[in-house]
2 protein chains.
Amino acid sequence: MDRLTIGRLAARSGCKVPTIRYYEQIGLMAAPERSEGNQRLYDHAALQRLAFIRHARDLGFTLDDIRDLLRLSEHPELSCAAADSIARRHLDTVRERIESLRRLESELEKIATACQSDTVRDCRVIEMLAGSGELRK
Amino acid sequence: MDRLTIGRLAARSGCKVPTIRYYEQIGLMAAPERSEGNQRLYDHAALQRLAFIRHARDLGFTLDDIRDLLRLSEHPELSCAAADSIARRHLDTVRERIESLRRLESELEKIATACQSDTVRDCRVIEMLAGSGELRK
DNA sequence: CCTAATGTCTCTAGGAGCTATAGGTTCAAG
DNA sequence: CTTGAACCTATAGCTCCTAGAGACATTAGG
């Protein structure tokens with residue numbers, strides 16, 4: 001027993017209610033059973049699955065990645081190389097993102113301290129953003 | 001002289017052709033003059049503006065932020081406090097993003113090295129993603 | 001037991017920032 | 001001159017939700 005309404009499921013999983021319905025709509029979550037009054041009732045397995053999705057989303061996996069991972073988890077006889085490669089591929093893009101955000105951070109730091117004058121004319125924000133060597137010849 | 005077709009502008013700015021047309025459509029880039037045959041012809045100023053936009057997008061600014069910054073750059077008599085505050089506000093969110101990506105990175109590192117066995121049954125990727133303490137009571 | 005508040009239902013539209021497609025015109029190279 | 005690439009417009013689609021309207025269900029208080 002121990003059935004959860006969608007609201008409670010949302011509270012426990014950290015997803016929002018419409019998001020859960022959306023996941024059902026796109027087939028990421030199975031349609032759960034309904035109460036007499038047609039309200040969705042979820043079991044513990046649904047909570048686990050949703051928590052998995054939520055966590056993976058937080059980690060930046062796309063819904064497609066997640067679909068793959070979930071399919072893998074349902075077929076434990078398959079090689080885990082696939083799951084591993086999804087994670088690895090993801091790690092690469094995360095590292096790239098961190099790198100470019102670091103560059104951004106230092107640029108913004110410069111900007112935020114560069115502003116000494118009080119008109120844009122002498123302010124460096126604009127010119128810094130205007131672009132340094134991004135122009136290809 | 002030295003007019004650029006949209007394709008060349010795309011190549012030099014790093015934006016894609018449809019993206020440039022999209023920016024025109026939403027009023028971020030002005031409609032440029034046209035050739036006899038109705039093709040867009042851009043000047044150097046357009047290239048600079050687009051490079052600015054591109055760079056700012058790479059840095060994670062929203063199109064709305066960029067619109068603000070561009071407006072500021074067109075009115076050098078205004079205070080640069082506004083430009084500064086946009087940058088500052090952004091710096092905060094950038095730092096948060098870096099933080100959470102670092103956490104993500106280390107989590108993914110664990111995952112990517114955890115896979116020693118060759119069937120999912122014994123693979124930790126799935127179970128690691130399944131979620132640790134995210135479940136609220 | 002009744003009522004009011006809250007939760008849930010479906011359906012539809014919007015939003016950010018593009019990207020893709022279709023069906024046609026124009027341009028530059030050979 | 002002819003081909004093929006690049007360009008044009010217009011429209012639809014993409015990802016991942018989020019918000020709103022209008023109606024039914026459930027629950028807590030009095």
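Being a predicted model, the structure only gives us computed values, none of them experimental. The sequence lines fix the lettering, A, B, ..., with proteins before strands; numbering per chain opens at 1.
Straight-line distance from the CZ atom of A:R8 to the P atom of C:dT6: 15 Å, rounded to whole Å. Computed from coordinates, the B:R54 CZ to C:dC18 C1' distance equals 13 Å when rounded to whole Å. Rounded to whole Å, the distance from CD on A:E36 to P on C:dC9 is 15 Å. We find that CZ of B:R57 is positioned 4 Å from P of C:dC18, with the value rounded to whole Å. Rounded to an integer number of Å, the gap from B:I6 CD1 to C:dC27 C1' is 15 Å. Atom-to-atom, CZ of B:R3 to P of C:dT26 comes out at 21 Å; the value is rounded to the nearest Å. Here C:dG24 presents its C1' atom at 13 Å from CD of B:Q39, a figure rounded to the nearest Å. Atom CG in B:L41 sits roughly 17 Å away from atom P in D:dA6 (whole-Å rounding).
Here the shortest heavy-atom pairing between A:L28 and A:R67 reads CD1-CG, 3.9 Å.
Comparing B:G37 and B:Q25 against DNA chain D, the residue whose closest nucleotide sits nearer the 5' end is B:G37. Taking for each of A:N38 and A:T19 the nucleotide of DNA chain D with the nearest heavy atom, the 5'-most of the two is the partner of A:T19. Projected onto DNA chain C by closest heavy-atom contact, A:R40 and B:P18 fall at different nucleotides, the more 5' of which corresponds to A:R40.
Ion pair A:R102/A:E99 flagged as a salt bridge, since at least one NZ, NE, NH1 or NH2 atom sits closer than 4.0 Å to an Asp/Glu carboxylate oxygen.
Of the candidate nucleotides D:dT26, D:dC7, C:dT19, D:dT26 has the atom nearest to the side chain of A:S35.
At the heavy-atom level, A:L63 lies under 4.0 Å from the strands shown only through sugar-phosphate atoms. Within 4.0 Å (heavy atoms only), A:I26 reaches no atom of the nucleic acid at all. Using a 4.0 Å heavy-atom distance criterion, B:R21 is classed as a base contact.
B:L9 pairs in a side chain to side chain contact (heavy atoms under 4.5 Å, CB included) with only one of the listed residues (B:D43, B:V17, B:L41, B:I20), which is B:I20.
Under 4.0 angstrom from either OP1 or OP2 of C:dG17 there lies no side-chain N or O belonging to B:Y23. The shortest distance between the side-chain N/O atoms of A:T5 and the OP1/OP2 oxygens of D:dT26 is not below 4.0 Å.
The shortest distance between side-chain heavy atoms of A:M29 and A:I53 falls below 4.5 Å.
Note: A:T19 OG1 to A:L50 CG = 9.0 Å, rounded to the nearest 0.5 Å.
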